[in-house]
Amino acid sequence: MPAEFSPHDGCLMIWPSRPGSWGKDPFDARRAFAAVIQAIAESEKVYLIAADASAQMMLQKQIADGSVVPVNIPVNDAWARDTGPTFLIKDGEVRGVNWQFNAWGGQADGLYTDYMEDDALAEAFCGQLGIDVYDAHPFVLEGGAVHSDGEGTVLVTEECLMSAGRNPYLTKLQIEEKLKAYLSAEKVIWLPYGIYGDETNGHVDNICAFVAPAEVVLSWTDDEKDPQYARSLADFLVLSEARDAKGRPFRITKLPLPSNPVIVTKEEAEKIECAPGEVPRTEGERLAASYVNFYIANGAVVVPQFGDRNDEKAVAVLKKLFPDRKIVAVMTRSILLGGGNIHCITQQIPRGGAHETD
């Protein structure tokens, strides 16, 4: 599995429409999605699964010049990182892994019950691009649960991968062996926790991400009263002692959390329209806001913003870490309200040498 900072052939995204995530009127979410798509499309092609005319309207220029390619595949929701394939390179060719998707927990603690189309997406998308697929069913995993350095090291969290709704019939060692087999990983670094309140059971892509070989960013707060403090500290201690697959220690950059928790308002809670069996938004709920949930495109790093005084600090940190890429800041509260952020709605397609994507 290549690192996200390695060259891409493109990016998979899905236009938001599900009322249980984006509300009765998804305009705000679609505007934020469009800003993310436009930023990515400047340096790599975006394959956009979209059956809604609003995508054509908001992205008219990008669709016309071919930087955004509409794709017609049925889906339940818009979390391309988790429902799309995890892409690999083998002998110069792009391949895809089709994990089993059960809406982050199935009957144990899943977030919605109508996920059959989402579970079928990875194979369908690979079929459209002519990419061979490794079918990992019945192993349950989402793309946001793993981060690769492209050199044999994979980051995960125990909170997520050991959760009751994923693979309770497997031991930690057996889960690790699955990851090594499907991702050609040599070493798995198990962080204890994700972000406090993350309804994915603590996806690693919201707490820690590779920015270069042996170099990571970690979500951080200095506020010892914040419930995230102990979580980030526990992860920091693991990373401080760990070595990657090549025996290198990690350089850890602390990326601050928003200075104030992002809390669901009454208006936002009422906007969401849940079907039976879906988890609603509630007034006063703390959302799992994190600047680590960015996307590394060929020419840019697209980073979330929350209208917080730490927005600029996060951008400044990333500018130092990515001097050769443009840092594009996008207001993403409306995406966060749906349950994730920029990294969750994107899935990179690595650059290969033996398949055609045009």
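Screening residues 200-214 for salt bridge (charged side-chain N to carboxylate O under 4.0 Å, His left out) gives no qualifying pairs among residues at least two apart or on separate chains.
Between Q348 and C11 there is no side-chain heavy-atom pair separated by less than 4.5 Å. Under the 4.5 Å side-chain criterion, counting only non-hydrogen atoms from C-beta, I207 is in contact with Q228. Contact check for E117 versus I73: no side-chain heavy atoms found under the 4.5 Å cut-off.
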- Task: Take R281 and E270 through the salt bridge (charged side-chain N to carboxylate O under 4.0 Å, His left out) test and state the conclusion after the steps.
- Result: CA-CA 8 Å; R281 285 277 172 256; E270 292 175 346; over 6 Å; no
- Task: Assess whether side chain to side chain contact (heavy atoms under 4.5 Å, CB included) is satisfied between E158 and K172, documenting all intermediate values.
- Result: CA-CA 9 Å; E158 294 182 13; K172 183 176 178 179; 2.9 Å; yes
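Partner Y182 forms a ring pair (Phe, Tyr, Trp, His ring centres under 6.0 Å) with one of F139, Y134, W99 and no other, that one being W99.
A donor atom on one side chain and an acceptor atom on the other are found under 3.5 Å apart for S290 and S219. Side-chain contact check for R166 and N201: at least one donor-acceptor pair (N or O, by modelled atom type) lies under 3.5 Å. No side-chain donor from either of Q100 and H137 sits under 3.5 Å from a side-chain acceptor of the other. Side-chain atoms of T221 and D223 form no donor-acceptor pair, as typed in the model, at a separation below 3.5 Å. Inspection of the N310 and S259 side chains reveals no N or O donor paired with an N or O acceptor under 3.5 Å.
The aromatic rings of H343 and Y295 are tilted relative to each other, their planes meeting at an angle between 30° and 60°. Ring-plane geometry between W22 and W79 is classed as tilted, the angle between the planes lying from 30 to 60 degrees on a 0 to 90 degree scale.
Taking the charged nitrogens against the carboxylate oxygens, R30 and D52 do have a contact shorter than 4.0 Å, which makes a salt bridge.
The side-chain hydrogen bond (donor to acceptor under 3.5 Å, both in side chains) test applied to E176 returns K180, W190, not counting sequence neighbours. Qualifying side chain to side chain contact (heavy atoms under 4.5 Å, CB included) partners for Q56, counting only residues two or more places apart in sequence or in other chains: I63, P70.
Aromatic pair F306/Y291: centroids less than 6.0 angstrom apart. Under the 6.0 Å cut-off for aromatic ring centres, W104 and Y115 do not qualify, their centroids lying 6.0 Å or more apart.
Cation-pi check for R18 over Y112 is met; the charged atom lies under 6.0 angstrom from the ring centroid and within 45 degrees of its normal.
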